[in-house]
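This report concerns only the one structure given below.
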2 protein chains.
Amino acid sequence: MLTRSEEDHLKAVHALLQDGASAFTKDIAERLGTKASSVTVMLKKLTDKGLLKHEPYYGVKLTGKGQTAALRLVRKHRLWETFLVERLGFGWDEVHEVAEQLEHVSSDKLTDSLDEYLGHPRFDPHGDPIPDRNGKVQSRNIKPLAGCLVGERVRIAAVKDPSDPLLQLLDEKGIGIGMVFEVHARQAFDGSLELRRKQGPPSTLSALVAAQLLVEPARP
Amino acid sequence: MLTRSEEDHLKAVHALLQDGASAFTKDIAERLGTKASSVTVMLKKLTDKGLLKHEPYYGVKLTGKGQTAALRLVRKHRLWETFLVERLGFGWDEVHEVAEQLEHVSSDKLTDSLDEYLGHPRFDPHGDPIPDRNGKVQSRNIKPLAGCLVGERVRIAAVKDPSDPLLQLLDEKGIGIGMVFEVHARQAFDGSLELRRKQGPPSTLSALVAAQLLVEPARP
DNA sequence: AACATAAATTAGCCTTGTCTAAAATATATA
DNA sequence: TATATATTTTAGACAAGGCTAATTTATGTT
Ligand SMILES: [Mn+2]
Ligand SMILES: [Mn+2]
Ligand SMILES: [Mn+2]
Ligand SMILES: [Mn+2]
């Protein structure tokens, strides 16, 4: 049985290790809003529990057991976010904080019932994949919108680092997961993009926003 | 902001104070599975926070503020139990433990959205009233089945102290909230009751079970 | 009135998870 | 190569919330 703090540390490590990156003490502390010294203690504890492998001064890796536990947490977090948006009418910018609490409720039956109740969703409101009960996630061919060529047709697949202000900006511009756009122009000066939809007005996105949007190819 | 432990103590006090009873240290400890000495410390803390009035050696009362906070917790607990049974298909004997965790998730928006999603239910799966967002509960005219006279027609309104084994026993006998029975006979020897329904087989209940079932009058 | 008993409180200890400050280490730079 | 800097770890403190053991209090019984 893991404590809430242990779970949050595990999840932070897992998040930092995405796409081959490393997980360092300082970054974990920053994510959790604590100090590096506190993290060091917890890394040792989770290593003793067999969930992490901590090489002092060289960062931390997940063991198989740790990977499994982290994926279960991610699954719970994203299922709850989906529930809040799809069933309770929350905005996608209002769910993270609450899911951060709900993910720690421990009941396998609850998790699996919720999953079934929601129809086994494969992506959460931010486009992030939801691991199934075996930890398997749907793989996709996604890349940052910022790197797309003018003329490409793409579908918005996910928001990379979904902060509330970013999500609110996207709401205001009417941009959401699943929408299909054509990259119509890129400004050389600031890298901003102009997007066009089949119908509806065009949208202009700064390079900063475009870097946060992950897209997949869309056939015309 | 209350900690989980503070919330559980507050809820225990509230539960013990039902129908004019007193709340003593020992009973609180028993409910929470802790020791009286631990409870004393927490009572002092909650008194300092203005939620309880603790008269050492003479038990504890809720302040207005404490009453409000306790009712909010009861509301959350019972709404979650209702969600688990009505939406996720849990049995009424499987929800308490999970609701005991879920009730501590702090988000007013979550509570009120859930309430609305469930259609503002007034009673939980065990027949206990769910306070509305102002703390108001629906009043009913209920009494223990054990005290009913032979010949009375009654509707099962609630299970007084819903332990899992009791709920499972009721499941096996096919007895649930809302069902209407006639008290057909009482054995003088052990106080056991025979109940009859409009249709379906009769049920025999021990005096112990009958004492745990709360009923309201039903017109024939 | 004195005493026995149950309940409650107090005192002191422990674990968990955080912090600050000091020391150690790795790495970039002169 | 020597040193400066950023990062990490270690050491020591503290608050929260639990425990056991000792003490105090209320109350029922002789
Ligand atoms: Mn969390
Ligand atoms: Mn998400
Ligand atoms: Mn609880
Ligand atoms: Mn209930």
Side-chain angles (χ1 to χ4, degrees), chain A residues 1-17 21-62 66 69-70 73 97 100-101 103-106, chain B residues 1-17 21-62 66 69-70 73 97 100-101 103-106:
Chain A
M1 185 50 49
L2 298 181
T3 66
R4 172 166 181 172
S5 179
E6 288 170 339
E7 289 187 337
D8 280 334
H9 279 79
L10 199 61
K11 204 156 61 86
V13 170
H14 178 265
L16 288 166
L17 289 176
S22 304
F24 292 109
T25 306
K26 171 181 67 93
D27 305 301
I28 300 167
E30 192 176 350
R31 265 187 174 258
L32 299 178
T34 60
K35 301 296 180 178
S37 55
S38 308
V39 171
T40 300
V41 177
M42 197 60 81
L43 294 183
K44 174 157 177 19
K45 196 201 235 192
L46 289 171
T47 296
D48 290 348
K49 288 199 177 188
L51 296 160
L52 300 179
K53 211 163 63 178
H54 183 209
E55 300 270 11
Y57 296 102
Y58 291 97
V60 65
K61 298 290 175 212
L62 287 165
L73 284 164
E97 172 78 11
E100 202 57 50
Q101 300 180 59
E103 70 191 357
H104 302 291
V105 174
S106 102
Chain B
M1 186 49 48
L2 298 181
T3 66
R4 173 167 180 172
S5 178
E6 289 170 339
E7 289 187 338
D8 280 333
H9 280 78
L10 199 61
K11 204 155 60 85
V13 170
H14 178 264
L16 287 166
L17 289 176
S22 304
F24 293 109
T25 307
K26 172 182 67 92
D27 305 303
I28 300 168
E30 192 175 349
R31 267 189 172 257
L32 299 177
T34 61
K35 301 295 178 177
S37 56
S38 307
V39 171
T40 299
V41 176
M42 197 60 82
L43 294 183
K44 174 156 177 20
K45 196 201 233 189
L46 289 171
T47 296
D48 290 348
K49 288 200 177 189
L51 297 160
L52 300 180
K53 210 162 65 180
H54 182 208
E55 299 270 12
Y57 297 101
Y58 291 96
V60 66
K61 298 290 175 212
L62 288 165
L73 284 165
E97 172 79 12
E100 202 56 51
Q101 299 180 60
E103 70 190 356
H104 302 291
V105 174
S106 103

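As the structure is a prediction and not an experimental result, all values here were calculated from the model. We use all heavy atoms of the structure for the numbers below, so side chains are in, but hydrogens, waters and symmetry mates are not. A note on names: the letters A, B, ... follow the listed sequences, proteins ahead of strands, and every chain is numbered from 1.
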Over how many whole Å does the gap from [X] atom [atom1] to [N] atom [atom2] extend?
| X | N | atom1 | atom2 | answer |
| --- | --- | --- | --- | --- |
| A:Leu32 | C:dC19 | CG | P | 10 Å |
| B:Leu46 | D:dA16 | CG | C1' | 13 Å |
| B:Arg4 | C:dT16 | CZ | C1' | 16 Å |
| B:Lys35 | D:dA21 | NZ | P | 10 Å |
| B:Leu2 | D:dA16 | CG | P | 13 Å |

Closest heavy-atom pair and its distance - B:Glu103, B:Glu100: OE2-OE2, 2.5 Å
Residue that, paired with A:Ser5, satisfies side chain to side chain contact (heavy atoms under 4.5 Å, CB included) out of A:Thr3, A:Leu2, A:Asp8: A:Thr3
Between the CG atom in A:Leu10 and the CG atom in A:Leu62, the distance rounded to the nearest 0.5 Å is 6.0 Å
Exactly one of A:Thr47, A:Thr40, A:Asp48 clears side chain to side chain donor-acceptor pair (under 3.5 Å) with A:Lys44, and that residue is A:Asp48
A:Val13/A:Leu46 under side chain to side chain contact (heavy atoms under 4.5 Å, CB included): CA gap, chis, key distance, verdict: CA-CA 11 Å; A:Val13 170; A:Leu46 289 171; over 6 Å; no
Could you list all N or O pairs between the protein and nucleotides 8-15 of chain C that sit under 3.5 Å apart?
residue	atom	partner	partner atom	Å
C:dA8	OP1	B:Thr25	N	3.4
C:dA8	OP2	B:Lys26	N	2.7
C:dA8	O3'	B:Tyr57	N	3.4
C:dT9	OP1	B:His54	NE2	2.6
C:dT9	OP1	B:Tyr57	N	3.3
C:dT9	OP2	B:Thr25	OG1	3.0
C:dT9	OP2	B:Thr40	OG1	2.8

Could you check whether B:Arg31 pairs with B:Asp27 (Lys NZ or Arg NE/NH1/NH2 to Asp/Glu carboxylate O, under 4.0 Å)? no
